[in-house]
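Remarks on the structure that follows.
This structure is a prediction, so every number in the text was calculated from the model and none was measured. Order of the sequence lines sets the chain letters (A, B, ...), proteins ahead of strands, with each chain counted from 1.
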There are 2 protein chains.
Amino acid sequence: MKSSQITIKDIARALKISPSTVSRALKDHPDISPATKLAVRELAQELDYQPNSVALSLRKSRTHTLGVVIPQIVHHFFSTVIAGIEDVANDAGYQVIICQSNESYEREVQSVQALLGSRVDGMLVSVAQDTQEVRHFQNLINKGMPLVFFDRMVEGLEASSVVVDDFGGAYRATEHLIRQGRKKIAHLAGPENLMISSSRQKGYRQALEDFGFRMQPDLVITAGLTIEEGSEAMRKLLNSGQRPDAIFAANDPLAIGALKFLKTQGISVPEDVAIIGFSDEPITSLIDPPLTTVAQPGYEMGKLATHMLLQQIELKDEEEPELQRKELRTELVIRQSTSSEKKLAS
Amino acid sequence: MKSSQITIKDIARALKISPSTVSRALKDHPDISPATKLAVRELAQELDYQPNSVALSLRKSRTHTLGVVIPQIVHHFFSTVIAGIEDVANDAGYQVIICQSNESYEREVQSVQALLGSRVDGMLVSVAQDTQEVRHFQNLINKGMPLVFFDRMVEGLEASSVVVDDFGGAYRATEHLIRQGRKKIAHLAGPENLMISSSRQKGYRQALEDFGFRMQPDLVITAGLTIEEGSEAMRKLLNSGQRPDAIFAANDPLAIGALKFLKTQGISVPEDVAIIGFSDEPITSLIDPPLTTVAQPGYEMGKLATHMLLQQIELKDEEEPELQRKELRTELVIRQSTSSEKKLAS
DNA sequence: AGATTGTGCGCAACCGTTTGCGCCTTGGCA
DNA sequence: TGCCAAGGCGCAAACGGTTGCGCACAATCT
């Protein structure tokens, strides 16, 4: 019924030995006699002794805790990344503290500060949509804090990162539309300051160029990240007098928003307009019509980023951290929103 | 470029004063002269001093950290709960460590142990599907660890909890089907050992009874939690010769799975069979036909659970913890999967 | 028998911060 | 001039665990 946990000192007192002996007995140190070890272990078991990892962290200056700064957990992609992070971290004996920036620069800075205060052994970061300034990250690097960016990295920092092949995914998506015979392919772009947005846009442009299309700037609309913004962007596009026969959206919610708006206008997908999203969120296979999209391996990204971070942590005292930038392959998942045949469902 | 952070001792040494003075200066203790305070603050600022919260935790036996044990982050409902937890916790100056049990009993036990070792100030728990035994939770209660269950609680424990009105939600869902003129209403139930499953089944049964329906046991199938299990259950149901005209599923994935299977059989929804899910996941409004479902306030649940937990933590040294069991209202969201009129879309 | 070796354990410092207590200095007052 | 009260600061212990070192004792060797 006591509210405090058993300590090594409690065991020492009960057994009339010193705390050091208890400590060594518990870790099977050769200096301790078998009899003492047995007694200590039995009592520890009986009292349900749990080592106080706070004390351990203080002593060792190692918390065995990783900090994660992420825009939003509720996005399916990010939660799969977290799943990957947790799996690798837990297997390696690390805990994970997650901080959501909610896409806000200020909360991101606060989160980084809080994690610094918690003395995490390393950080995994995907930057917020609002973030323009990167002094808080530069600060981490200066302090020698192990750091890996995932999915959304920032340019100009000496930090490791793991991203997906946004350019290639976008390229193949656009290529797919072209090969389906689409002639007027629009792009709904993500927020301008995110690298994922610009990479995807570049992939789109490159594909158009490679296949001899003339780039029409008014077919590219900076939309945002949400369903609502996707609908709104689609509305703008149609109002501008443009009538594309295909849409490549920078992410799935944008694509879904566009799809919804087109439905309200009686424009049918894929007959009149084909649509491709990005991420392969589970929802994309369930909507009508099922959405062609670019799959990004979120779980693998989380795993890889964490492996890289742990490696940095282990090597911390050695020579230079050896910066790594990894790119994971994306995969085009073709569904009915771009099929040129008649829709299958109904 | 140093890899370690500035401490109070570094400041003390630089200023040729004692660490105690630095400590007091930083917290504006009246014993310290204004001149000293100023000097300390300026240096602290300049060196970017961050209090070591590990040391603080050890000293105060308070980590200002909350532990969350949750089946899966990737479920939308749970991630909204986490968003609520994080918001309240961060506002109160607490960090959050999240452990996923992945619906496994063993990982749940491990997580609880790990959180105990981390000396979290309290825990928020939603139990795993596999969990039958509750000794690990009883253990927490015996130790006086503040504890609040959310969504999935366990019976027979003296612990606070916040759940949704599963019974009422299920009742109203079933009632809605009845009022739509459905005569043969089947139920796809969740895992048997989860309270949410039994509560929802009870609500279903009660509604049938209240409206004078005869309970047909073979219209109730224990399915699981996933889309695949929903499809499988629907298949079983049809193979058994039953042909219900309505389905109340214990959660959205089950409902979606059932819907998918019905589509493959050429059975149309809602004309031939009406379907209702549970949770109002965002996907439900986007599928074809949009799914009627029971909305549960996940974000509010997270907030409330955390408030209750923090209250328990603050009051910890006072008298008895005052057990609370809260129930949040659910709301029936009517969409086209149960509309008796002709479908709107297409 | 004396020296050497090994065994089993305790002492004390340390990680970074807080805090009760006591010390020294200064100034005001009688 | 002597006394007392503040004011301003440092000492040291404490939180729980780890670890280098040294100590006492017994066994072994020469």
- Query: Which residue lies toward the 5' end of DNA chain D, A:T7 or B:P34, if each is placed at its nearest nucleotide?
  - Reply: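 First, find each residue's nearest nucleotide; the 5'-ward one identifies B:P34.
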- Query: Which comes earlier along DNA chain D counting from the 5' end, the contact point of B:P19 or that of B:R59, where each point is its nearest nucleotide?
  - Reply: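 With B:P19 and B:R59 compared, the 5'-side residue is B:P19.
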[X] side chain: which of [options] is closest?
X	options	answer
A:I8	D:dT18, C:dC21, D:dG16	D:dT18
B:A55	C:dC21, D:dT19, C:dG16	C:dG16
A:K27	D:dG17, C:dT18, D:dT19	D:dT19

Atom [atom1] of [X] to atom [atom2] of [N]: distance rounded to whole Å?
X	N	atom1	atom2	answer
A:R62	D:dG17	CZ	C1'	17 Å
B:L15	D:dC9	CG	C1'	13 Å
A:L58	D:dT18	CG	P	12 Å
A:I17	C:dT7	CD1	P	19 Å
B:N52	C:dG16	CG	P	7 Å
B:H29	D:dA6	NE2	C1'	14 Å
A:I11	D:dG16	CD1	P	13 Å
A:D31	D:dG20	CG	P	11 Å

- Check ion pair A:K60-A:D121 (N to O, under 4.0 angstrom):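 No, no charged N to carboxylate O under 4.0 Å.
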- salt_bridge(A:E300, A:K326) N-O dist < 4.0 Å: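 A salt bridge is absent here (no side-chain N lies under 4.0 Å from a carboxylate O).
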Counting only side-chain N and O atoms of [X], is one of them less than 4.0 Å from OP1 or OP2 of [N]?
X	N	answer
B:K60	D:dA14	no
A:Y49	D:dG17	yes
B:S33	D:dC9	yes

- Query: Do B:S18 and D:dC11 have a side chain to base donor-acceptor pair shorter than 3.5 Å?
  - Reply: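 No pair found.
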- Query: With distance as the sole criterion, do the side chain of A:R13 and the base of D:dG16 form a donor-acceptor contact below 3.5 Å?
  - Reply: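 Side chain to base: no pair present.
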- Message: What's the separation between atom NZ in B:K37 and atom CD1 in B:I32, rounded to the nearest 0.5 Å?
- Response: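 The CD1 atom of B:I32 is 7.0 Å from NZ of B:K37, to the nearest 0.5 Å.
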- Between CD1 on residue B:I313 and CE on residue B:M145, distance to nearest 0.5 Å: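 Separation between the atoms: 8.5 Å.
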- Query: DNA chain C: B:R24 or A:K37, which has the more 5' nearest nucleotide?
  - Reply: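 Whichever sits nearer the 5' end wins; that is A:K37.
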